[in-house]
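Contents: one structure, followed by commentary.
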Amino acid sequence: MEWQHRLSRGKNALLQRAERHEKYVLAVLFFIMLLIAVLTVGRRSFGYDTLGEQRILDSNIKAYAQTLAGEASAWYQSFPEYIEDIRQSVEKDHGQAALYLFWPVKYLLRNQPQSTVNAAFYLYNHLIFLYALYALYCLVKGMTGQMAFGLAAMLLLYLNPRFFAESFINNKDVVLMSLCLIVFWHGWRFIKQDDWLSPVLFGFFGALAFNLRLLGLGAFGVCGLAYLTDRTLKRAWSRRMVLRGALAVGALALFYYLLTPASWANPVEFLRYVYANTVHFDSSRWNGLILYRGDWFNPERRPIPWHYIPWWMMITTPLLILVLAFLCPAAIGWKSRADHAALLSSETVFCFWIGLFGLLPVAASMVGHSNLYNGWRHLYFVYASIIVLASVSLAWLWNQKRRWLRGVLAVAVAANLVYYAGFIAVNYPNEYAYFNVLAGPHPEENYDADYWLFSCQEALEAIMKQDPHATVADMTQRNCVGLYWDQAAERIGGVAKDAKGYDWKARFHAAYILQNTSYWKLETMTYQEDDNADEVTAWIAGTANWTPLFEVKCGRTVLWKVYRNLLYSGPQKTGKQGWTPKFVRNSPLQFGEVA
């Protein structure tokens with residue numbers, strides 16, 4: 001039909017114009033992303049790991065200061081005594097080389113409030129993620145030959161709610177995933193370009209990923225295997241090819257040694273230490289409780305089942321990405337039926353090896369009884385493979401040139417992007433707790449929904465705004481309130497002097513009670529083994545019929561509930577006249593109603 005012909009011609013003209021102005025399109029997109037980051041970072045809660053991660057960074061820089069300038073230098077003396085040299089730290093297997101450029105920023109902000117330093121730290125993490133988005137764009141465009149698929153891949157990753165949120169707050173797992181994408185891109189350039197710079201860059205970014213975690217070496221390794229396989233299938237072995245490969249490996253080894261102070265004394269012994277802690281991360285370093293499919297698990301008493309990681313991946317990943325990634329092997333096989341040369345192409349070889357990079361760690365977690373917790377974040381790096389395979393699959397399906405199929409794909413991708421953009425906007429800053437429909441109607445009852453407790457701050461802020469004299473305690477014995485009390489008070493501009501956050505033992509003196517829904521579910525299932533089981537039994541019975549004043553949610557997932565304490569016994573006696581709470585009724589206060 002004429003209108004369809006005109007629509008197709010207009011679409012093609014638009015794509016051609018975008019191709020001609022690629023740099024401007026990318027510049028506008030990344031400017032918008034950066035602006036969003038700057039405008040939204042202020043409402044992000046700062047987790048209890050944030051300071052610890054910055055101290056590990058300081059420990060690494062302190063080792064450089066001692067080696068390069070000496071212990072008498074002003075640089076070395078600028079570190080507080082509690083900052084230990086990374087070479088003597090138990091955290092020496094957790095590298096921070098990707099964050100080294102943040103240390104000068106941290107030093108310049110040393111006289112600013114810690115909240116300012118933390119916000120800058122989050123922005124730095126997000127900048128690494130943005131660079132990974134650019135790497136993903138270049139990689140997918142290079143593999144498919146079309147800018148549109150690069151943009152689609154970039155936006156599909158950017159608008160994944162969990163990765164969008166955790167690109168700020170998770171400087172380990174999301175940074176490793178970002179580095180793997182960057183390594184994939186430079187590995188692809190290493191394969192396709194016959195120059196001497198690409199192997200050096202490939203080795204450098206491989207060293208950054210390796211420094212962060214041993215598993216980061218796998219990204220470099222699979223790209224290297226793809227290089228060898230591609231050259232073998234094309235019968236393109238040569239002296240130059242071998243020298244380029246040796247240069248990449250040499251660059252990796254050199255940069256890794258220079259970027260990892262903990263390895264300087266004895267590199268071989270250090271690598272043994274890293275390997276042992278990666279493969280055997282035992283309960284001595286983490287031995288907490290895990291909520292999974294409505295039941296509790298623990299590394300020592302009840303190890304997680306074999307399906308823990310794959311199921312977590314399925315319930316927290318947008319379904320379109322899962323479908324496309326699963327279709328990629330079938331797409332490559334189908335394409336090879338008509339074009340046998342496609343089976344031996346660089347693109348097919350690369351997809352095969354990075355597919356193994358994503359598959360093998362998941363398989364290992366299923367058979368190895370690994371000490372994993374807090375969902376699948378320790379394996380976030382495999383999402384680098386998933387998003388690339390999904391993007392390649394999308395390109396192959398689109399290139400089938402079936403009008404109905406293109407229509408379905410266009411609607412599916414557009415709907416995915418619009419839906420998740422809206423989801424992030426509506427649920428910010430709690431979008432990190434996203435679950436898809438496979439998790440059921442109440443994910444918080446079956447899975448760890450707010451493991452890092454970030455939404456506790458939002459609940460506290462809401463209480464403080466309604467009642468500046470608020471006294472608050474945690475419903476569980478984890479005492480989450482104290483972690484975020486000062487942050488919440490600072491963000492709303494302060495509270496009355498008699499406002500206070502209590503620990504669990506003083507809960508009867510708090511006018512409000514906060515409940516982390518997942519932690520409360522765990523506590524009600526496991527408290528029988530505690531020394532104070534009788535006390536907890538009475539507390540559970542006494543709070544069973546309470547009605548929440550309001551809830552903090554992410555989509556349909558209830559993260560926190562806030563209650564008026566119906567067992568309130570008055571303020572703690574301090575020798576002075578205490579504040580008497582405004583609540584004198586038994587009916588719950590409604591959210592938005594002033595106490």
Side-chain angles (χ1 to χ4, degrees), residues 135-150 153 180-207 209-210 216-253 324-325 327-360 382 384-401:
L136 175 63
Y137 166 81
C138 294
L139 173 61
V140 173
K141 182 191 173 187
M143 294 180 69
T144 63
Q146 297 184 53
M147 175 183 177
F149 298 119
C180 287
L181 280 172
I182 296 168
V183 172
F184 285 171
W185 173 43
H186 285 284
W188 177 254
R189 294 179 70 244
F190 172 59
I191 293 172
K192 300 298 288 185
Q193 297 181 7
D194 189 25
D195 63 350
W196 296 104
L197 178 61
S198 58
V200 175
L201 293 175
F202 178 41
F204 172 72
F205 286 105
F210 186 15
L217 179 62
F220 179 89
V222 295
C223 291
L225 290 170
Y227 176 71
L228 294 175
T229 306
D230 182 66
R231 291 298 183 269
T232 301
L233 292 174
K234 290 182 171 58
R235 298 180 180 179
W237 280 75
S238 66
R239 183 167 176 265
R240 181 182 179 88
M241 170 259 182
V242 174
L243 289 175
R244 291 181 74 244
L247 178 59
V249 173
L252 171 81
L324 290 174
L327 285 176
C328 190
I332 292 174
W334 186 266
K335 182 180 180 181
S336 301
R337 289 183 59 190
D339 180 10
H340 295 296
L343 189 60
L344 305 180
S345 68
S346 300
E347 291 77 10
T348 301
V349 168
F350 197 75
C351 285
F352 171 78
W353 283 111
I354 67 170
L356 285 182
F357 177 75
L359 179 63
L360 292 180
V382 306
S385 296
I386 292 173
I387 192 64
V388 173
L389 296 179
S391 304
V392 171
S393 180
L394 174 64
W396 179 84
L397 291 170
W398 184 271
N399 289 332
Q400 294 307 296
K401 297 182 179 179

What's the spacing between Glu347 CD and Lys192 NZ if we round to 0.5 Å?
-> 5.0 Å

Verdict with reasoning, Phe205 to Trp185, per side chain to side chain contact (heavy atoms under 4.5 Å, CB included) | CA-CA 10 Å; Phe205 286 105; Trp185 173 43; over 6 Å; no

Do Asn399 and Thr144 have side chains that get closer than 4.5 Å, going by heavy atoms?
-> no

Determine whether Leu201 and Phe190 make a side-chain contact, defined as any pair of heavy atoms from C-beta on separated by less than 4.5 Å.
-> no

What is the minimum heavy-atom distance between Cys180 and Ala384, and which atoms define it?
-> CB-CB, 3.9 Å

Once you round to the nearest 0.5 Å, how far does CE of Met143 lie from CG of Leu389?
-> 8.0 Å

Please test Cys138 against Arg189 for side chain to side chain contact (heavy atoms under 4.5 Å, CB included), starting from the C-alpha separation and ending with a verdict.
-> CA-CA 10 Å; Cys138 294; Arg189 294 179 70 244; over 6 Å; no

Roughly how far, to the nearest 0.5 Å, is CD1 of Ile386 from CG of Leu324?
-> 12.0 Å

If you measure from CG on Leu181 to OH on Tyr137, what distance do you get to the nearest 0.5 Å?
-> 15.5 Å

Looking at Ala153 and Ser391, what are the two nearest heavy atoms and their distance?
-> CB-OG, 2.9 Å

Does one side chain, of Lys234 or Ser346, offer a donor that lies under 3.5 Å from an acceptor on the other?
-> yes

Residue pair Phe357 / Val382, side-chain heavy-atom distance below 4.5 Å | no

Within-4.5 Å side-chain heavy-atom neighbours: Ile191 and Arg231 = yes

Hey, mind stepping through Arg244 and Asp195 against side chain to side chain contact (heavy atoms under 4.5 Å, CB included) and telling me if it holds?
-> CA-CA 8 Å; Arg244 291 181 74 244; Asp195 63 350; 3.6 Å; yes

Heavy-atom pair of closest approach, residues Ala248 and Phe202 | CB-CD2, 3.9 Å

Report yes if some heavy atom in the side chain of Cys223 is under 4.5 Å from a heavy atom in the side chain of Phe350; otherwise report no.
-> yes

Should Leu225 and Leu356 count as side-chain neighbours, where that means a heavy-atom distance under 4.5 Å?
-> no

Could you pull out the closest heavy-atom pair between Ala207 and Leu252, with the gap in Å?
-> N-CD1, 3.3 Å

CG (Leu139) and CD1 (Ile354) are apart, to the nearest 0.5 Å, by 6.5 Å

Answer whether the closest heavy-atom distance between the side chains of Ser393 and Leu397 falls below 4.5 Å.
-> yes

Those residues at least two apart in sequence (or on a different chain) that pass ring-ring contact (aromatic ring centres under 6.0 Å, His included) with Phe210 are Tyr256

Should Leu136 and Val388 count as side-chain neighbours, where that means a heavy-atom distance under 4.5 Å?
-> yes

Evaluation steps, side chain to side chain contact (heavy atoms under 4.5 Å, CB included), between Arg240 and Trp196 | CA-CA 10 Å; Arg240 181 182 179 88; Trp196 296 104; 3.3 Å; yes

Euclidean distance, Leu228 CG relative to Trp237 CH2, rounded to 0.5 Å | 5.0 Å

